[in-house]
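Working notes for the structure below.
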Amino acid sequence: MENIQHKHVEVRGLKLHVAEIGSGPKAVVFLHGFPEIWYTWRHQLVSVASKGYRAIAIDFRGYGLSEQPAEPENETFIELVHDVVALLDSLAIDKAFLVGKDFGALPAYLVAALHPERVSGVITLGIPFMLPGPSAVQNHLLPEGFYISRWQEPVGRAEADFGRFDVKTVIRNIYILFSRSEIPIAAADQEIMDLFDPATPLPPWFSEEDLSVYASLYEKSGFRYPLRVPYRTLAVDCGLTDPKVSAPSLLIVGEKDYVLKFPGIEDYIRTGAVKHFVPDLEITYMAEGNHFVPEQFPEQVNQLIISFLDEHAI
């Protein structure tokens with residue numbers, strides 16, 4: 001960890017925070033989800049760099065140590081896609097592997113679909129190819145208290161829910177709630193943060209020190225942008241029809257990841273329907289894996305990532 005270098009890189013008028021280690025000729029760019037941040041990839045950065053790759057993790061715009069855009073309410077997923085391409089330009093990287101976790105999978109796949117010449121391969125964890133738009137997540141098939149529905153509501157409700165607690169408590173609550181195999185769904189008289197039991201300890205693979213790092217980063221950025229992107233823009237059509245990802249791809253799925261219980265998602269993956277969009281896709285299941293497999297089982301995830309990189313680093 002101490003060998004990871006940190007800097008800010010000018011990307012499309014914003015300074016994005018970049019964590020980097022390794023100097024190999026092949027670059028691997030890690031894209032976080034929520035409530036994650038560059039630090040989510042701490043195990044993978046070191047491991048990938050030790051195998052001869054240039055490993056890079058960013059804080060997306062509006063997250064952590066990266067700058068906030070001037071008008072977050074106008075942002076959509078496509079801004080993240082443009083940022084990734086511009087970041088490669090700024091770092092003089094012609095072509096890279098993209099690794100996306102949670103919502104970070106969406107820009108990873110979209111960069112590969114829109115700019116295939118820039119992508120050597122795509123690895124995603126937990127989330128298959130998904131196109132932002134009205135049908136991205138079938139909210140209407142889940143109860144009103146479904147966490148995405150709650151966080152998509154107009155500005156105010158989620159902010160008030162989170163605002164009852166300090167940032168560290170919000171991150172703690174989400175990590176514990178979202179480590180379970182059940183979808184977080186609140187009752188009519190509850191908010192999502194009310195689902196948390198204060199007596200529940202942190203997962204064994206997530207330390208108080210880890211929590212403090214996350215909290216320090218989200219204290220810097222707050223939750224304004226994360227509630228906009230991904231949640232309040234997930235249903236915004238990104239203007240693409242039937243995109244294809246031609247790059248070799250790997251999807252790592254924890255079988256205890258609550259996302260598998262989203263309407264249609266497990267069938268979409270297990271039947272291979274996802275390969276309509278990502279034809280050259282390998283799918284690997286981790287029997288005990290939950291939504292946070294890079295941190296839960298870092299050694300196994302590192303092995304899967306490095307094997308994929310070595311196979312396709314030509």
Side-chain angles (χ1 to χ4, degrees), residues 11-14 16 29-34 36 58-63 66 68-89 96-119 121-142 146-149 151-155 158 223-247 249 251 259 262-265 268-269 273-281:
V11 175
R12 302 177 62 230
L14 293 176
L16 298 190
V29 178
F30 293 88
L31 307 174
H32 65 80
F34 177 80
E36 291 117 0
I58 67 169
D59 292 345
F60 278 123
R61 59 169 55 208
Y63 282 79
S66 289
Q68 300 277 337
E71 298 179 331
E73 62 276 4
N74 295 330
E75 299 279 299
T76 68
F77 267 102
I78 206 67
E79 299 300 332
L80 307 187
V81 174
H82 295 329
D83 281 355
V84 173
V85 176
L87 176 75
L88 296 180
D89 291 340
F97 289 95
L98 302 180
V99 184
K101 159 80 174 63
D102 188 67
F103 83 79
L106 279 69
Y109 280 127
L110 291 177
V111 170
L114 293 171
H115 304 276
E117 75 284 356
R118 307 302 299 271
V119 178
V122 179
I123 302 172
T124 63
L125 299 100
I127 302 294
F129 180 93
M130 193 179 292
L131 195 62
S135 62
V137 177
Q138 303 291 310
N139 293 34
H140 62 284
L141 299 178
L142 288 164
F146 174 41
Y147 78 96
I148 289 182
S149 298
W151 292 352
Q152 284 178 333
E153 288 191 25
V155 174
F223 298 108
R224 182 184 180 189
Y225 195 88
L227 285 169
R228 174 67 185 174
V229 181
Y231 299 102
R232 291 171 182 153
T233 58
L234 188 58
V236 176
D237 194 315
C238 62
L240 300 177
T241 56
D242 201 25
K244 293 290 192 298
V245 175
S246 58
S249 302
L251 170 61
V259 172
F262 283 14
I265 288 293
Y268 175 59
I269 295 171
V274 62
K275 294 185 180 182
H276 170 79
F277 300 101
V278 191
D280 190 4
L281 177 66

Rounded to the nearest 0.5 Å, what separates atom [atom1] in [X] from atom [atom2] in [Y]?
X	Y	atom1	atom2	result
I265	Q138	CD1	CD	9.0 Å
I123	K101	CD1	NZ	14.5 Å
S249	D280	OG	CG	6.5 Å
R12	L87	CZ	CG	11.5 Å
Q152	N139	CD	CG	5.0 Å

Contact check, side chains of [X] and [Y], non-hydrogen atoms, under 4.5 Å:
X	Y	value
L125	V99	yes
F262	V137	yes
F77	C238	no
R118	V84	no
E36	D102	yes
E73	E75	no

Results of ring-ring contact (aromatic ring centres under 6.0 Å, His included) for [X] - residues two or more places apart only:
X	result
Y147	W151, F178, Y258
Y268	none
Y225	none
F30	W41

- Query: Which of these, L106, L80, D83, V85, sits in a side chain to side chain contact (heavy atoms under 4.5 Å, CB included) with V111?
  - Reply: V85
- Task: In sequence, state the C-alpha distance, the side-chain angles, and the governing distance for I78 and L114, and then conclude on side-chain contact (heavy atoms from CB on, under 4.5 Å).
- Result: CA-CA 11 Å; I78 206 67; L114 293 171; 4.2 Å; yes
- I would like to know whether L31 and F60 meet side-chain contact (heavy atoms from CB on, under 4.5 Å); could you show each step before the answer? CA-CA 8 Å; L31 307 174; F60 278 123; 3.7 Å; yes
For a quick test of reading the model, state the closest non-hydrogen atom pair linking [X] to [Y] and the distance between them.
X	Y	result
Y109	V245	O-CG2, 3.5 Å
T124	A105	CG2-CB, 3.6 Å
Q68	L14	O-CD2, 3.6 Å
A136	L234	CB-O, 3.8 Å
V29	A96	CG2-CB, 4.2 Å
A113	P116	O-CD, 3.8 Å

- Task: Using the side-chain contact (heavy atoms from CB on, under 4.5 Å) rule, take V122 and F129 through it: C-alpha gap first, then chi angles, then the decisive distance, then the call.
- Result: CA-CA 10 Å; V122 179; F129 180 93; over 6 Å; no
- Is a side-chain N or O of S135 found less than 3.5 angstrom from the main chain of G133, in a donor-acceptor match? no
- Query: Looking only at atom types and distance, does a side-chain atom of S66 sit under 3.5 Å from a main-chain N or O of D59, one as donor and one as acceptor?
  - Reply: yes
- residues 226-241 vs side-chain hydrogen bond (donor to acceptor under 3.5 Å, both in side chains), sequence neighbours excluded, gives E159-R232
- Which pairs with one or both residues in residues 121-130 pass salt bridge (charged side-chain N to carboxylate O under 4.0 Å, His left out), sequence neighbours excluded? none
- Item | Check against side-chain contact (heavy atoms from CB on, under 4.5 Å), F277 and L131 | CA-CA 10 Å; F277 300 101; L131 195 62; 5.7 Å; no
